[in-house]
Structure formats: structure tokens, C-alpha cells
Number of protein chains: 2
Amino acid sequence: MILRHAGSRITNLSTRSTLRASRLPRASEIRSYTHPSHGGASPFTKRPQLATSSALRNFQLNKHASPILRSASTKPIPTPRNGFIRAVYRGAALLGTFVGISGILVVAFFIYDASTYREEPEAEDVPVSELALNPRRGGPKNLPIVDHFIDDDDCALNKAVKHKPKLVILGTGWGSVAILKQLNPGDYHVTVVSPSNHFLFTPMLPSATVGTLELRSLVEPVRRIVKRVQGHFLKGFAEDVDFSEKLVEVSAIDSSGQKQHFYVPYDKLVIGTGSVTNPHGVKGLEHCHFLKDISDARLIRNSIVRNLESACLPTTSDEERRRLLSFVVSGGGPTGVEFAAELFDMLNEDLTKFFPKVLRNEISVHVIQSRSHILNTYEEALSEYAEKRFAHDAVDVLTNSRVKEVHADKIIFTQKDESGKVVEKEIPMGFCLWSTGLSQTDFCKRLAAKLDGQNNKRALETDSHLRVVGAPLGDVYAIGDCATVQNNVSDHIISFLRTLAWEKGKDPEKMALSYSDWRGVAKRVKQRFPQASDHLRRLDKLFSAYDKDNSGTLDFGELRELLAQIDSKLTSLPATAQRAHQQGQYLGRKFSKIAQAAPGMTLNQMDYGDLDDAVYKAFEYKHLGSLAYIGNAAIFDFGGMSFSGGLVAVYLWRSIYFAQSVSFRTRCLLAMDWSKRALFGRDLMNF
Amino acid sequence: MILRHAGSRITNLSTRSTLRASRLPRASEIRSYTHPSHGGASPFTKRPQLATSSALRNFQLNKHASPILRSASTKPIPTPRNGFIRAVYRGAALLGTFVGISGILVVAFFIYDASTYREEPEAEDVPVSELALNPRRGGPKNLPIVDHFIDDDDCALNKAVKHKPKLVILGTGWGSVAILKQLNPGDYHVTVVSPSNHFLFTPMLPSATVGTLELRSLVEPVRRIVKRVQGHFLKGFAEDVDFSEKLVEVSAIDSSGQKQHFYVPYDKLVIGTGSVTNPHGVKGLEHCHFLKDISDARLIRNSIVRNLESACLPTTSDEERRRLLSFVVSGGGPTGVEFAAELFDMLNEDLTKFFPKVLRNEISVHVIQSRSHILNTYEEALSEYAEKRFAHDAVDVLTNSRVKEVHADKIIFTQKDESGKVVEKEIPMGFCLWSTGLSQTDFCKRLAAKLDGQNNKRALETDSHLRVVGAPLGDVYAIGDCATVQNNVSDHIISFLRTLAWEKGKDPEKMALSYSDWRGVAKRVKQRFPQASDHLRRLDKLFSAYDKDNSGTLDFGELRELLAQIDSKLTSLPATAQRAHQQGQYLGRKFSKIAQAAPGMTLNQMDYGDLDDAVYKAFEYKHLGSLAYIGNAAIFDFGGMSFSGGLVAVYLWRSIYFAQSVSFRTRCLLAMDWSKRALFGRDLMNF
């Protein structure tokens with residue numbers, strides 16, 4: 001009776017879940033257990049009073065019960081009761097998981113790798129326009145005009161842009177690449193012309209000179225970038241521009257070494273040809289290295305190692321050794337400072353591992369700076385930090401010094417001491433880097449001479465829509481080092497007053513502006529010259545300051561003085577990668593807007609007046625900040641906020657450039673290079 | 001009474017293991033459970049008859065019981081009963097583990113990376129011997145003699161080897177590096193002299209010409225390798241050797257561009273200077289590229305890309321384009337074939353992605369081979385496979401052809417057709433690689449002229465212990481391409497017969513050898529000339545073949561004929577990396593044995609006779625096999641076993657070279673490069 005009752009409850013319980021341990025044994029399942037004092041018979045049938053304990057015991061012994069329960073009464077399971085060993089087991093399980101998944105990823109990568117090989121030689125029939133193979137001749141010099149390209153019909157995407165407006169971009173620097181990445185594919189037929197077929201990530205160039213990074217990690221093939229917009233690339237040198245015929249004259253060296261010239265027609269032209277190094281009229285620069293292009297980095301790297309090897313030779317005297325190991329950097333701007341820092345890193349970290357230790361003691365690094373501080377364009381606190389850092393690293397900083405002449409084995413320079421007296425000194429030199437200043441290319445000089453309104457000796461002047469002054473409106477743009485926005489606010493005074501004058505029915509030159517009129521004019525100025533916004537904050541103060549006759553109004557002359565004063569405060573845009581990049585992005589966006597605004601029509605046939613101004617705002621440069629690497633330390637100048645630091649700052653510095661890299665490929669290469677440096681150091685070989 | 005009894009048993013059970021589930025509840029732990037039919041009181045105290053079922057129920061509900069048991073009777077746990085969701089959960093757990101451990105590894109790597117920067121400028125006082133800074137002069141030309149080095153006192157390890165026997169190694173190729181890796185540190189004062197400060201992994205050089213691998217992945221700094229034996233490196237060119245004074249004359253170009261000469265003294269000298277390319281007297285080789293050194297690979301890479309860019313220009317005619325894209329390889333050996341294969345890979349896989357498609361159709365790759373098959377040193381089946389592969393890939397293989405003259409834009413060659421008639425043909429050429437044959441360096445020619453017994457025009461002759469013939473015994477060794485083991489078994493006939501003659505008391509020249517005598521002589525021959533073993537297998541057949549007068553014995557003349565015949569069958573050792581590597585390892589081991597055998601003594605003062613022979617066996621070259629890469633396929637010739645295949649064979653080919661890499665650093669770089677190629681393709685830039 002009792003058993004059945006228990007049995008039915010057992011059944012109830014057992015149906016409630018699948019957990020076996022909770023199931024109570026049925027009577028039939030209970031095996032006999034011989035209690036030592038009871039003999040062998042089944043306690044249930046024979047000794048009802050002992051049913052309790054026996055039943056409990058039987059419950060434990062039931063072979064259908066949970067193995068945990070069962071094993072407790074058989075021999076003990078060899079599971080560790082020690083927490084440490086349990087942790088080891090668990091650790092091994094985690095490690096096993098990790099290794100297993102890593103293995104799967106590696107196999108997956110190999111399978112992917114196997115798919116990247118092309119077994120079949122790929123050769124298809126390719127349509128090429130006859131006009132591309134034999135271009136017509138024309139233009140002022142009767143050269144071939146490249147209306148059609150040999151890859152115009154390569155694929156459907158190329159064909160789609162074949163008859164779009166022609167956008168020609170000169171140069172493959174920061175500005176040009178920024179446009180290419182910003183444009184909408186399919187809006188324009190894009191052609192890039194440049195003597196170099198790669199884009200160089202200039203901020204990290206000093207790292208490549210000593211082997212912290214490899215050369216190829218800093219360059220991206222331009223063809224990979226233009227592909228995004230189905231663009232075309234021609235490896236040639238821009239020689240001249242015919243603004244009326246809208247042709248760019250390009251020269252290229254053919255395989256026999258001769259120069260071939262041809263014309264590339266454009267609807268819109270963007271000049272991003274950059275700058276060249278400024279020799280400042282110093283003699284002997286053939287003994288110096290420069291750091292502008294990637295091949296410069298290779299030459300510098302080989303030269304440094306050559307010096308180190310020569311210093312090891314037994315025939316090298318002490319004096320000669322010291323000269324060979326005297327590295328001079330002429331120019332205390334970011335490039336020069338970063339190079340000195342990287343050089344010092346290499347000499348400190350890798351040199352002594354493999355070269356005779358005596359070399360380390362004979363090394364000297366010198367930085368010659370014409371101003372009183374290195375990195376003088378940065379905040380003063382940061383400048384001082386950098387100088388302190390260099391002093392700590394025994395890098396010799398010579399301020400207020402100008403290089404006078406460079407010989408093969410020494411540098412002659414003049415230094416101004418505190419009293420203002422100029423003293424001539426010389427340093428024995430084994431290696432010299434020339435990193436001071438930039439100047440205009442011959443190409444831009446030629447263009448500036450042709451155009452009206454070009455007064456700047458350093459760069460092509462553009463308006464605030466980045467259109468080259470003097471060229472037909474909306475045809476030619478210029479960005480980057482080769483250009484600067486013209487600061488001629490006061491020249492435009494009439495146009496600022498025009499609307500107001502029309503409303504009041506007066507002659508602009510005879511107007512008297514009230515304060516509210518002035519606010520309206522100021523608004524128009526800011527719109528057209530965004531860089532002037534900084535100087536047009538306190539409109540009330542400006543108004544009262546220039547209202548000389550205290551008439552409560554600004555007359556024409558007073559206004560012109562005010563605007564001229566603003567002009568004088570406006571600086572040229574800095575010649576930096578950041579500025580070029582912003583200008584490139586700006587143009588990319590504007591061109592996209594223009595393409596939307598004028599669909600299907602040849603843009604310049606319709607007279608929109610100032611089309612650029614109608615569809616987009618003027619260019620405003622936002623200085624985001626500057627960084628510099630100064631030898632296992634870095635400084636950051638973010639406008640209001642600035643900080644400097646050691647290794648953590650270096651990691652941040654790397655992260656910023658990592659994020660700014662132009663492609664996933666360069667990011668991977670940078671990461672691999674930095675890992676390589678950590679594992680193996682820099683290698684010191686030259687070939 | 002019953003309870004207590006059960007309780008004591010409970011206690012017994014509970015002490016047996018730590019499994020909580022097996023512990024039965026004590027009476028005090030059993031909470032009340034209100035069975036619906038029984039009201040709220042504790043069944044134990046009130047209803048003894050129902051104790052069984054209630055006790056069992058209470059056991060289940062006891063909060064100290066196993067959670068499995070407990071939860072079965074409360075509300076159901078929300079564990080998924082769906083197997084799929086459970087699998088998803090488990091997969092997420094595994095993934096989480098993987099991500100977690102990966103994160104830990106990344107952080108650990110960063111921490112390691114942070115430790116590799118040296119914040120403090122390291123400059124310690126370094127002791128440098130005055131004799132190292134101002135070496136004494138002497139020798140035939142009264143030049144500085146480098147008895148002491150500037151880094152001899154750099155550290156304790158360097159000081160320990162300062163006065164050990166001087167081992168000078170010329171060259172930094174396969175042979176030299178193999179010695180360096182085999183030597184025991186501390187046995188010798190090692191100096192390496194070479195004009196290049198890096199070791200080049202030659203088998204993969206063709207991969208670097210098109211960008212499959214980077215240049216730096218194939219080179220290892222020699223200083224890193226010599227550090228293992230506290231060795232020294234001088235970047236200079238070996239000019240001459242004075243064998244009596246035991247001085248090597250070295251020249252180095254100093255920083256002013258002038259040649260400086262000095263002497264390096266040695267106790268043992270190893271010549272591993274390699275070979276130079278053989279021009280075969282063909283005119284116009286200045287228009288060709290070579291592929292011997294790493295800088296050659298860079299020049300080739302730039303040249304190819306330059307051709308591609310020129311081919312894209314609009315001013316390039318069709319004919320010119322075809323010429324620019326005509327790549328000719330002169331020489332059908334492994335180097336030439338692998339280069340053609342790599343080139344084809346690049347043109348097939350990466351060209352059409354970024355260059356106009358028409359270029360792909362105009363490309364032609366030609367291989368000019370003087371024999372009737374390419375890769376003729378391999379098994380014939382493999383040769384044919386390679387040719388079939390090339391035919392499939394449209395690589396034009398011109399067999400039985402010799403280049404006659406190379407012009408800037410074409411190659412003139414002669415081809416022998418089936419009838420044996422020689423026809424002159426020409427191919428327009430945009431790029432030419434010269435990869436046929438090797439010849440002796442001027443340095444080795446100079447040495448061979450000085451020494452007696454040097455009859456080989458191609459290489460320095462050594463005995464089977466790799467000692468240069470004609471030089472004082474045990475002083476000078478030569479390995480690698482610059483040397484070969486002299487095949488002059490028959491010249492040593494007297495020494496082979498000597499022991500026997502002495503035993504028999506006869507004149508060696510008048511002896512008659514029985515068959516068992518002959519077996520003894522053959523054993524001695526094999527010992528001294530291991531390469532002859534292949535030709536001394538069937539001694540019985542040889543005996544009967546040369547016993548011309550059927551006397552049952554070999555007389556002196558018959559024996560000499562037999563040995564001369566063996567001589568004629570012995571080939572020169574192949575000029576391969578494998579052979580140089582084996583010779584280097586052999587010397588490394590032998591030198592270690594010699595160092596053990598003569599501790600603390602200047603080795604050559606004690607007259608050991610043939611010390612080398614006393615401590616070590618003769619050199620035996622074991623040809624392990626040859627590999628070749630032929631364009632997404634590879635062939636393997638392992639002596640008896642050979643096979644060819646597609647992509648799997650390529651992976652095997654890579655694995656073999658991966659394992660043979662000289663250091664962990666190069667292995668990492670190779671792996672990174674192959675991954676880079678898989679992810680991003682080859683980049684086509686030139687700078």
C-alpha cells in the first residue's frame with residue numbers, strides 16, 4: 001500500500017523533468033543490498049520496519065540513479081577535489097578551445113589563399129577604341145590629344161563614365177587622393193596625371209629612414225585608389241596648361257629615354273602638384289640628403305648603414321670615426337625633429353646589439369634651427385618639452401643658427417648668440433639631412449606668370465572656393481602645398497556692399513553703414529572668407545574702433561581700413577598634409593554637388609554665374625592639431641588642448657596615424673612592421 | 001532509533017566523498033514540506049508510517065541537496081531544450097573564450113612591445129685596445145695588420161675568444177653562414193669578411209622580383225649571425241691571400257670614396273666567395289638584368305613596372321606596346337624558369353586588376369634555352385611537365401637556342417632545328433634577364449694562378465677534406481660555388497697501395513692484387529673519395545672487367561686504368577646552395593672536432609700530419625633533391641622519387657623553404673609576405 005503510494009508519487013515526480021537524479025527508484029528497480037546485519041534478502045519484502053534505511057540505501061545503489069549518487073557508494077571517482085588542479089583543467093580546456101579555433105581560422109585562411117591563385121591564363125578579347133590607339137593631333141603645339149583612353153571600354157563601369165565631364169587631377173599627394181576618395185563613382189571621367197604612381201603617407205616618412213617601418217608600408221599604389229571612381233592614371237609630368245583650349249600639356253619619358261609630349265583635355269582641372277624643397281641659396285646641397293619622397297628614405301637608410309660599416313673598419317682613425325658618426329639635421333621643423341628622434345632611437349636600441357660598442361660613444365646628432373626654438377610652430381610648452389627631451393637624449397640642438405655652406409665632410413654655419421652677435425662655426429659631418437622650407441615648382445611658376453592677379457611668390461592664389469585666380473571661373477582649382485587662399489577681403493568691399501547699396505538706391509562708395517548694416521556686411525564677409533571669422537567676432541568693438549569720426553556709422557573709407565586690417569591678420573594656409581586633405585575632401589564634396597546640380601549637361605555651357613557659390617559653401621580650414629614624435633615620446637597640440645608624454649603618448653601617436661591610413665592594406669602593413677620591430681629590432685643592412 | 005541508525009550511516013557515507021548530492025539530509029536539515037494530503041506538520045514527528053515517502057520527498061527538497069535535485073521540484077530552469085539553441089549558446093561561449101584569450105595575447109604583446117624601447121640613452125665606458133685603434137704595419141705590402149679588433153673587449157664573451165685560433169671566413173653566402181651556425185661558440189676567434197653585410201636566401205629570389213615577397217624578407221643581417229659565435233664582421237673585399245705569412249689582403253672603400261687596404265691574419269681560412277655570372281662572350285649585356293644579388297631584384301621590379309606604365313601612355317604605338325611587354329629570359333635553368341613563372345603569375349593575377357586590360361593581351365614571355373629541354377638537370381618527366389605547364393600558360397619556350405647579341409630593343413639568337421640546321425632569329429625585347437651559367441671570380445683566379453695543382457678553370461680545386469690543393473695543409477679551405485673537390489683518384493694510387501705494399505714487402509708498382517686485396521684498396525678509395533662510392537658498388541664486376549690478361553689479379557697498370565675510369569665518371573659537385581650548405585656544415589663540425597683535439601695549443605705548431613683526416617671523415621655530398629616553382633605548380637626531384645603538382649605542390653615547395661630559412665625572423669617575414677599577397681595582391685609601384 002505504502003509502496004504503491006510512493007510509487008505513484010515517484011511516477012509523478014519523474015514526469016516533471018528529465019533530470020534522472022530526481023527520479024526515485026521503483027520497487028522493481030531496487031536491487032538487493034545485503035546489510036551486514038541483515039543477511040541477503042530484500043529488506044522490503046522481509047523487514048518492513050527497516051524499509052526506510054534500506055530503501056534509502058537502495059536508492060543510492062540503484063544503477064539507474066544519477067551516476068553522481070551511484071558512484072558515491074562505489075569506488076570514489078578520481079575527480080580532483082583540489083581547486084588548483086581544477087583550475088588547471090579548466091585552463092587547459094580554455095587553451096584547447098583557443099588553439100582549436102585558431103587552427104580553424106588558419107585553415108580557413110589557407111583555403112582563402114588557395115582561391116587567390118589564377119590557374120587559367122586570363123586572356124579575353126578587349127575592345128579598344130581606334131581613337132584611343134591613334135589620338136588626333138591638335139592644340140597650340142599640335143600634339144596628340146588624349147580624348148579617349150585605352151581602358152575606356154574595359155568594363156561596363158568604365159564605359160558608363162566614358163562620356164561624363166572630364167576631371168583631370170594633377171599630382172598624387174594628400175589633396176588629390178582626398179578628392180579621389182570623396183568623389184561619387186560615376187559622376188566624372190577622372191584622370192590622374194603624376195610622375196609617381198604611388199601615394200606617400202608623408203607623416204611617417206622619418207620612420208622609414210631607419211627601418212622602424214618598411215618603405216612599402218607607407219605607399220599605396222595610385223591605380224588602386226583611382227579604381228574606386230573608374231579613373232585613369234597616366235605616369236607623366238605636367239608641363240603647362242592652356243586655359244582657353246582647356247588642355248594640360250603632359251610629358252613622359254618613353255622606353256628609349258626620350259620625352260614625349262601630349263595633351264590631356266579637361267572640363268575641370270585640379271592642380272595638386274605640391275612643392276619642392278627650398279635650397280635657400282646654400283652651396284653644397286649635393287652633399288645633403290632630402291626627405292621628400294620614398295626613394296629618399298631608401299637612400300638615407302643605405303647611407304647611414306654605410307657610415308656605420310665604414311666606422312668599423314680598422315683603417316678608420318678615431319677622428320674619422322667621429323666624423324662618420326656625426327649626423328646633422330638642418331631644419332628644426334617637424335620633419336627634421338622626427339628624423340633626429342628616429343635616428344636616435346635606432347642608434348640607442350639597435351646599434352649596440354650588433355656593432356662594436358665603441359660606435360655608440362662616438363655618435364653625435366645635431367639639429368640646426370634658424371629660430372630660437374625647435375618646433376616653433378607648436379605651442380611653446382610643447383617646444384620646450386621637445387628641447388628638454390633632446391637634451392636628455394644628448395641630441396645637440398643649435399638654435400638661432402643658419403647653415404651657410406655644406407662641404408663633403410663638414411658644415412659651416414652661423415649662430416647668433418644672446419647679444420645678437422653672429423659667429424661662424426663648423427661641425428664635422430658624416431651625414432646631413434636638408435629639411436628646411438618649401439618652394440614653388442617650376443610648373444606653378446609658369447602658370448602664375450600666365451595668369452592675372454597672381455601676386456604670391458610661394459604659391460598659386462585661389463579664391464575661397466579654391467578656384468585659381470585669373471583662370472576662367474570654375475575650370476581650374478588648386479589645393480595643397482602649391483596653393484593658398486588669397487587674403488583680399490578688402491578688395492571685395494564693393495561686392496559686399498552691393499546688395500545693400502542696391503536696396504538703398506545709393507552708390508556703394510558713398511554709403512554710411514549703421515551697426516545693423518555692418519552686421520549684414522560682416523555676415524557676407526564670413527560667408528565668403530571663412531578664415532576671417534576669427535577676426536570678426538566682436539563686431540561691436542570693431543565698429544567702434546573703426547568709427548574714427550564717431551559718426552555712429554562706418555563710411556566707405558573706414559570700412560576699407562577695417563577690412564584691410566583683417567587682411568593683414570590673415571595668414572597663409574599652412575603647407576601641411578592636414579590642410580591638403582581637407583581641401584581635397586572639400587572639393588570632392590563640391591564636385592559631387594555640382595554633378596548633381598547639372599545632370600546630363602556640359603557644365604560650362606550653361607551660364608550659372610558663380611555655380612560653385614550656388615551649390616556649396618566656401619572652404620574653411622579647421623586646424624585639428626599637430627603631432628610630433630620626439631624619441632620614445634610624443635607631443636600633441638590640439639588647438640586649446642595640448643599634452644606631451646612618453647611611451648603612452650607614442651602609442652597614441654601611432655594610433656592616430658593608423659586611423660588616418662589611406663587603406664586597409666597600409667594599416668595591416670603598419671601593424672606588421674611595428675610587430676616586426678618589437679620582435680626583431682630594426683635590421684641594419686644596405687643594398 | 002531508526003533515524004539515528006540511518007543518521008550514523010549517513011555520516012559514514014558522507015565522509016566517503018565530497019559529492020554533496022550523495023549526502024543524505026540529516027533530520028535537522030529537512031525542512032517541512034506540506035504534502036497536500038497531509039497538512040503542514042513535519043511528517044517525521046507526526047506520521048511515522050508515511051516516513052518513507054515523506055522522507056524521500058524531503059530529501060529532494062532539502063536545500064543542501066544537489067541543485068539538480070532541488071530544481072527539479074521547483075519551477076523549471078529556463079535552459080533551452082532545443083538542441084540548436086543550445087549549440088548556439090555553446091558556440092557563443094567558445095567564441096567568447098577565443099576572443100578573450102586573443103585579447104589577452106594582444107595585451108601581452110603590447111606589454112612586451114613597451115619593454116623594447118630604451119628610454120635611457122645607453123652610453124657606457126668601453127675599453128678598446130690601443131692596438132686595435134692603431135694597428136701595426138707589416139706584410140709584403142706593409143699594410144696595417146688587424147691583429148686586434150675594436151670590439152674584442154666589448155663584453156666577457158668577446159674577451160673569452162680574443163686569444164683563440166683565428167678563423168677567417170670570406171663571403172656571406174650559403175657556405176659561410178652554414179659554418180657560422182654549426183661552430184661551437186667559444187672555439188675560435190671568428191672574422192667574416194665580405195662586401196655585403198647580409199645573407200641572401202637565394203632560392204626565393206625570383207619571388208622578390210615581382211613583389212610576391214619583399215626584399216627584406218630574403219635577407220638576414222650577417223652581424224646577427226656572427227653574434228652567435230662572438231664573431232666580427234668587416235665590410236670589405238678580399239683581394240689576395242699570402243699563404244706563407246697567413247694574411248688575407250682586404251680592401252674597403254672609405255667614406256671619401258678611396259680604397260683602403262689592410263691585412264687580416266688567420267690561422268684557418270675558409271674561402272666562400274661564390275661565383276659571378278658568365279657572359280659567354282655575348283655582346284650587349286648592359287641591356288640585360290641579372291639576378292644574383294638582392295639589389296638586382298629591386299632593379300628588376302622597378303624596370304618591369306616602368307615598362308607597364310610606359311605601355312599605358314597614349315603616345316605608345318601598338319608595336320611599341322608589344323615590344324615593351326615582351327619579356328625575355330635567357331637561360332632555362334632553375335633561376336630563369338622560376339623567374340618566368342613568377343612573372344607570369346604577376347601578369348596574370350595582378351596586372352589586369354589595375355592596368356588597362358589590353359596590356360594583358362599584348363604580353364609575351366620567352367625563355368631561351370641552349371639545350372633541348374628546360375630544367376635539363378632534373379628528371380626528364382619533370383622537365384616535360386614544366387614544359388607542358390609553360391605551354392599551357394602561353395610562355396614561349398625556345399629550346400636549342402643560343403643568344404648571339406643583345407640590343408636595347410631586341411635579342412638576336414640562333415636556333416637549331418630538328419635537321420641540325422642553325423637559323424638566326426630575332427625577338428623584340430622590352431626586358432631581358434640574363435641567367436645562364438657561372439664563372440670564377442677574379443680573386444679565385446688570382447689564387448689558382450699562385451698555387452700548384454690547380455687545373456680547373458671554373459673553380460678552386462680542393463681535396464676531399466675541402467682543403468685547397470697547393471696551399472699548406474690544414475690552413476686554407478674552400479667551399480661553395482668557388483670550389484670543387486678534385487677528382488684525382490688515380491693520382492693517389494700509390495697511397496692506396498702503400499699499406500698493402502708495406503705488408504707484403506713489395507714495390508707498390510710491381511704488385512699484383514688479389515680480389516681480397518682489391519676489396520681493401522676499394523675501401524680505402526671510398527674512404528678518401530666518398531663521391532666515388534657510387535662507382536665502386538660491383539667490385540667483382542670491376543675486377544673481372546679490368547683484369548684484361550685474366551690473370552686473376554690486378555696489376556699496377558690495370559688498377560690505374562680502373563681508377564682513371566672512375567675519375568672520368570666523377571662529376572664536379574653542382575654549384576648549388578644545397579651543396580654549399582652541406583660543405584659549410586661539414587667544416588663547422590670538423591672545426592669543432594679539431595678545436596677539441598688540440599686544446600690550448602696553436603694548432604699548426606704541432607705536427608699532426610693529416611690532422612683533418614685524424615679527427616674527421618672526408619666530405620660526402622648527398623644530393624637531397626631539387627625543387628622548382630613553375631607558375632602555380634611545382635616539381636620535386638628527390639633522387640629516386642619525383643613528383644609534380646599544382647597548388648598543393650606549391651604549398652609544399654613553400655614549406656620546404658620555410659623550414660630551411662636561416663632564422664625565425666625570416667620565417668615570420670615570409671609568412672607575413674605570403675599573407676599580404678593573399679589579402680592584397682602584389683603592388684605594382686616603382687621607386
Side-chain angles (χ1 to χ4, degrees), chain A residues 6 17 19 21-22 24 51-53 68-69 72 76 81 94 97-98 101 113-114 116-119 121-123 126 128 135 146 150-151 154 197-198 221 223 235 252 254-255 260 262 294-295 309-310 313-315 324 348-349 354 356-358 361 393-394 632 647 665 672 678 680 683 685 687, chain B residues 2 6 17-19 21-22 51-53 56 68-69 72 94 97-98 101 113-114 116-119 121-123 126 128 135 146 150-151 154 197-198 221 223 235 252 254-255 260 262 294-295 309-310 313-315 324 348-349 354 356-358 361 393-394 632 647 665 672 678 680 683 685 687:
Chain A
S17 89
L19 293 164
S22 58
L24 294 166
T52 316
S53 47
I68 299 172
L69 295 173
R81 68 180 81 194
L94 288 178
T97 312
F98 177 73
I101 295 185
D113 180 71
T116 59
Y117 298 98
R118 214 173 278 171
E119 294 267 340
E122 177 199 306
V126 179
V128 179
V146 188
I150 52 176
D151 47 348
D154 265 4
N197 56 7
H198 51 268
R223 287 181 179 273
K235 190 163 188 285
D254 70 10
S255 48
Q260 298 281 346
F262 53 91
I294 194 71
S295 41
E309 292 285 1
S310 292
L313 292 177
T315 47
L324 281 171
N348 205 31
E349 289 169 11
F354 304 111
K357 290 199 169 133
V358 66
N361 294 7
D393 289 342
N632 290 343
L647 210 51
R665 169 184 164 271
M672 285 194 210
F680 310 116
D683 59 59
M685 299 180 279
F687 46 80
Chain B
I2 291 171
S17 86
T18 53
L19 292 165
S22 59
T52 315
S53 46
L56 289 170
I68 299 173
L69 295 174
L94 288 177
T97 311
F98 176 73
I101 296 184
D113 180 71
T116 59
Y117 298 98
R118 215 173 279 172
E119 294 266 341
E122 176 199 306
V126 179
V128 181
V146 188
I150 51 177
D151 46 349
D154 265 4
N197 56 8
H198 51 268
R223 287 181 180 274
K235 191 163 186 286
D254 69 11
S255 49
Q260 298 281 347
F262 53 91
I294 194 71
S295 41
E309 291 287 0
S310 292
L313 292 177
T315 47
L324 281 171
N348 205 32
E349 289 168 11
F354 303 111
K357 291 200 169 136
V358 66
N361 293 9
D393 289 343
N632 290 344
L647 209 51
R665 170 184 164 272
M672 286 193 210
F680 310 116
D683 57 58
M685 300 179 279
F687 47 79

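Letters go in sequence order (proteins before strands), and every chain restarts at 1.
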Side chain, backbone, both or neither: which part of [X] has an atom under 4.5 Å from a heavy atom of chain A?
X	value
B/Ile101	both
B/Val358	both
B/Pro221	both

Heavy-atom side-chain proximity of [X] to [Y] below 4.5 angstrom:
X	Y	value
A/Leu313	B/Gln260	no
A/Phe98	B/Thr97	no
A/Lys357	B/Val128	no
B/Val126	B/Asp154	yes
B/Glu309	B/Met685	no

Measure A/Pro314 against the heavy atoms of chain B and call it side chain, backbone, both or neither at under 4.5 Å.
-> both
Given A/Ile150, A/Leu324, A/Ile294, the one with more heavy-atom pairs under 4.5 angstrom with chain B than any other is A/Ile150
